Structure formats: C-alpha cells, structure tokens
Student: 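Can you keep this structure in mind? I'll have questions shortly.
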Amino acid sequence: MAEVLEDGDIYFLYRPRVEEEHVDSLEEVQRLLVVMHPWRGRHLRLLVVGRKRLPGIDQHDRFWAFVDEVVDRPEQLHKALQARAYRTKTRGGREQSPARPVAEGAYVIARHDDHTHLAYELELPLRLGAPQHELSIEPEASYIITVKNPQAPSPPRVGLRGDQKVKLPAQLQGKFHGRRFAPLDPPDFLDHPGTELVLVGAAHDASEELRIDLDAEVERAARSTIFGDLRIGRRDRPVEPLFAGEWA
C-alpha cells in the first residue's frame with residue numbers, strides 16, 4: 001500500500017492562444033495549467049504542463065512540467081489566470097482570454113516503493129467530453145512524478161533557463177545525492193517556483209494501483225469548487241468545459 005504524503009484539491013484550466021475567443025480543439029490551446037491546493041496548508045501552487053496535455057497512460061508518456069507560481073491567497077493567482085493585454089511592434093495591441101476551468105477534483109501525492117505518484121480523481125465534469133479527452137484528463141489517473149535536479153544540465157532547448165531556474169534550500173537539494181532526478185518526497189519541492197518535474201503515465205485506476213480510497217478524497221473535495229476556492233468569477237470566463245464537457 002502506498003503512503004499518502006499530501007492530499008488536497010486539484011483544478012485543471014486551459015489558456016487559449018492569443019486572439020482566440022472560442023476554442024474548438026487542442027490546436028487553439030496555449031497552455032494547460034494545474035492548480036494544487038493542499039488541505040494542510042494555506043498556499044496554492046500553479047503548475048504548467050509542457051505539452052498542453054497530461055501524459056497518456058497507455059503510452060506511458062513522459063512529459064515535462066514546472067511550478068510557475070506559489071501563493072498564499074487565491075487573489076494572488078488572478079494575474080496568472082485573468083485576461084492579458086499585449087502590445088507588439090508588428091500587430092499592435094492583442095488580447096489573450098482568461099484561463100478556463102476544465103476539470104476539478106481531489107489529488108494525493110503518495111510514496112510507492114522507491115518512487116512517488118501524483119494521483120487524482122475528478123468531481124467535475126460529471127461527463128467528460130472533447131476538452132477533457134484532448135487534454136488527456138482522465139476521470140481518475142496516476143502518474144509517476146519526479147523532480148529534476150536544478151544543478152544538473154538540461155538538453156538544448158529543454159527546461160527552464162537563467163533566473164527561471166529554482167534555487168532550492170540545502171535540505172531539499174541534498175535529496176538528489178548528486179543524481180539528475182529524485183522522487184517528489186517531500187512534496188515541499190512544489191513550494192518553490194521554478195521546480196521542474198517529469199510526469200510519466202502510470203495507471204488509469206489509481207485507487208487500485210496505489211490502494212488508496214480516492215472516492216473518500218473526492219468527498220472531502222466536494223466542499224470546494226474552483227470558483228469558491230480560487231475566487232474566480234463565473235461571469236468573466238466560459239464555464240461549459242467544467243460543467244458540460246464542451247470547448248468554449
């Protein structure tokens with residue numbers, strides 16, 4: 001049986017490409033965003049998944065992600081999730097729509113043998129549709145999750161560069177023991193913006209694989225919604241992806 005290291009609420013959002021008002025497919029998505037709100041702790045973490053979708057389970061995809069922001073209050077995430085205005089030399093003013101909620105539920109980070117897993121089960125939407133399928137968001141899933149050593153080199157054009165890279169406290173840096181990767185143990189790695197992660201698709205039935213009652217976790221998560229927990233407004237962004245499983 002796996003040991004739960006952390007549990008909490010998890011929210012998935014997508015940000016449309018600049019100047020895209022209505023999204024019809026993954027091609028019109030710029031980023032997949034994940035917000036994690038641990039139940040033991042006030043802080044919230046905003047993660048960016050590199051391929052615009054979660055790793056495929058059956059293919060055991062291996063995708064890169066990173067911690068973009070860590071905040072203490074939901075209001076501090078508004079800047080990252082709200083509409084953005086741009087001004088370019090060639091096209092003038094341009095606008096990017098706010099991030100749109102597409103799924104929510106509960107998550108656990110668990111120690112399993114010599115590695116760690118991120119597993120979740122959704123509460124919403126009740127019926128998955130095209131957005132969830134194209135973003136590879138499953139009703140329930142488990143991913144092996146590892147942390148990249150920020151002091152180890154990265155391949156060309158891969159990963160964060162310069163001042164984007166994290167400088168971890170000595171206690172966490174020591175967890176690598178000179179290796180390029182380490183398990184996400186403790187989950188405190190996620191409390192440092194710039195932390196780079198690798199997610200590997202592991203199992204559809206996370207409850208069975210890890211022998212953890214994710215249904216009970218979702219019942220706890222039912223007290224929160226992305227609108228109440230993150231305090232984002234329903235009026236300033238489409239809600240069809242979250243409630244109807246439709247692109248918007």
Side-chain angles (χ1 to χ4, degrees), residues 1-13 31-41 43-70 103-122 135-150 152 154 158-160 165-166 168 171-177 179-212 214 217 221:
M1 182 179 294
E3 177 185 355
V4 174
L5 303 176
E6 180 180 286
D7 50 10
D9 297 303
I10 190 166
Y11 307 104
F12 299 92
L13 307 95
R31 278 186 163 181
L32 173 63
L33 307 174
V34 181
V35 177
M36 302 171 69
H37 192 179
W39 287 325
R40 299 173 188 85
H43 54 285
L44 300 95
R45 309 156 176 145
L46 176 64
L47 279 62
V48 176
V49 181
R51 295 283 188 91
K52 304 193 304 185
R53 60 184 179 87
L54 294 176
I57 301 297
D58 295 330
Q59 300 81 8
H60 299 295
D61 284 337
R62 181 186 179 95
F63 287 0
W64 172 77
F66 68 93
V67 180
D68 191 32
E69 292 194 38
V70 179
E104 64 178 52
Y107 79 91
V108 299
I109 296 171
R111 182 190 297 127
H112 188 216
D113 297 329
D114 61 349
H115 54 274
T116 46
H117 285 248
L118 169 64
Y120 70 83
E121 183 175 322
L122 296 185
L135 293 165
S136 297
I137 299 174
E138 308 252 347
E140 178 181 331
S142 170
Y143 308 88
I144 295 173
I145 185 167
T146 59
V147 185
K148 180 186 175 297
N149 185 344
S154 299
V158 174
L160 301 178
K165 294 177 70 70
V166 67
L168 293 169
Q171 181 181 4
L172 290 178
Q173 185 62 46
K175 296 288 185 180
F176 292 99
H177 302 290
R179 298 170 299 178
R180 292 187 61 210
F181 297 95
L184 183 58
D185 187 2
D188 298 1
F189 280 107
L190 298 177
D191 295 333
H192 300 274
T195 295
E196 297 178 84
L197 309 162
V198 174
L199 295 165
V200 182
H204 296 283
D205 192 338
S207 300
E208 176 66 24
E209 180 199 30
L210 302 176
R211 300 176 72 182
I212 291 173
L214 284 176
E217 301 283 343

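Being a predicted model, the structure only gives us computed values, none of them experimental. Numbers here simply count residues along the sequence, with the first being 1.
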Student: What is the distance from atom CG of D185 to atom CD of E3, rounded to the nearest 0.5 Å?
Tutor: 8.0 Å
Student: Is any side-chain heavy atom of R45 less than 4.5 Å from a side-chain heavy atom of P38?
Tutor: yes
Student: Consider side chain to side chain contact (heavy atoms under 4.5 Å, CB included). Of D68, L33, L118, L197, which one does L47 pass it with?
Tutor: L197
Student: In terms of ring plane angle, is the pair H117 and H115 parallel, tilted or perpendicular, where the classes change at 30° and 60°?
Tutor: tilted
Student: Between D61 and R53, is the closest basic N to carboxylate O distance under 4.0 Å?
Tutor: yes
Student: Any idea which heavy atoms bring V49 and A65 closest together, and the distance?
Tutor: CA-CB, 4.1 Å
Student: Out of curiosity, M1 CE to L210 CG, how far, rounded to the nearest 0.5 Å?
Tutor: 10.5 Å
Student: So, for G201 and H60, which heavy atoms are closest and what is the spacing to 0.1 Å?
Tutor: O-ND1, 2.9 Å
Student: Check the surroundings of atom CD in Q59: do more than 12 heavy atoms from other residues, nucleotides or ligands lie under 6.0 Å from it?
Tutor: yes
Student: If the test is side chain to side chain contact (heavy atoms under 4.5 Å, CB included), which one of E208, H204, E209, E121 qualifies with E140?
Tutor: E121
Student: Would a 4.5 Å heavy-atom cut-off, applied to side chains only, mark F12 and L135 as touching?
Tutor: no
Student: Rounded to the nearest 0.5 Å, what separates atom NE2 in H192 from atom CG in L168?
Tutor: 6.0 Å
Student: Please report the interatomic distance NE2(H43) to CE(M36), rounded to the nearest 0.5 Å.
Tutor: 9.0 Å
Student: Report yes if the distance between the aromatic ring centroids of F176 and F189 is under 6.0 Å, otherwise no.
Tutor: yes
Student: Just wondering, do R62 and V198 contact through their side chains at under 4.5 Å, heavy atoms?
Tutor: yes
Student: OG of S154 to CH2 of W64: how many Å apart, nearest 0.5 Å?
Tutor: 9.0 Å
Student: So does L190 get a backbone contact from the side chain of T195, meaning a donor-acceptor N/O pair under 3.5 Å?
Tutor: no
Student: What's the shortest heavy-atom distance between I212 and A2, and which atoms?
Tutor: CD1-CB, 4.1 Å
Student: Measure across S142 and I57 and return the closest heavy-atom pair with its distance rounded to 0.1 Å.
Tutor: O-CD1, 3.7 Å
Student: Would W39 and E217 count as a side chain to side chain contact (heavy atoms under 4.5 Å, CB included) if you check the C-alpha gap in whole Å, the side-chain angles of each, and the deciding distance to 0.1 Å?
Tutor: CA-CA 11 Å; W39 287 325; E217 301 283 343; 3.0 Å; yes
Student: Roughly how far apart are E104 CD and Y11 OH, rounded to 0.5 Å?
Tutor: 6.0 Å
Student: Can you confirm whether the side chains of Y120 and E138 place a donor and an acceptor under 3.5 Å from each other?
Tutor: no
Student: Yes or no on side chain to side chain contact (heavy atoms under 4.5 Å, CB included) for R31 and L13, after CA distance, side-chain angles and deciding distance?
Tutor: CA-CA 8 Å; R31 278 186 163 181; L13 307 95; over 6 Å; no
Student: Can you see which heavy atom on A119 is nearest to which on A206, and at what distance?
Tutor: CB-CB, 3.8 Å
Student: Ignoring hydrogens, what is the shortest heavy-atom contact between L54 and F63? Give both atom names and the distance.
Tutor: O-CE2, 3.6 Å
Student: For atom NZ of K175, is the number of surrounding heavy atoms from other residues, nucleotides or ligands below 6.0 Å larger than 12?
Tutor: no
Student: State, with a plain yes or no, whether a side-chain heavy atom of D188 is found less than 4.5 Å away from one of Q171.
Tutor: no
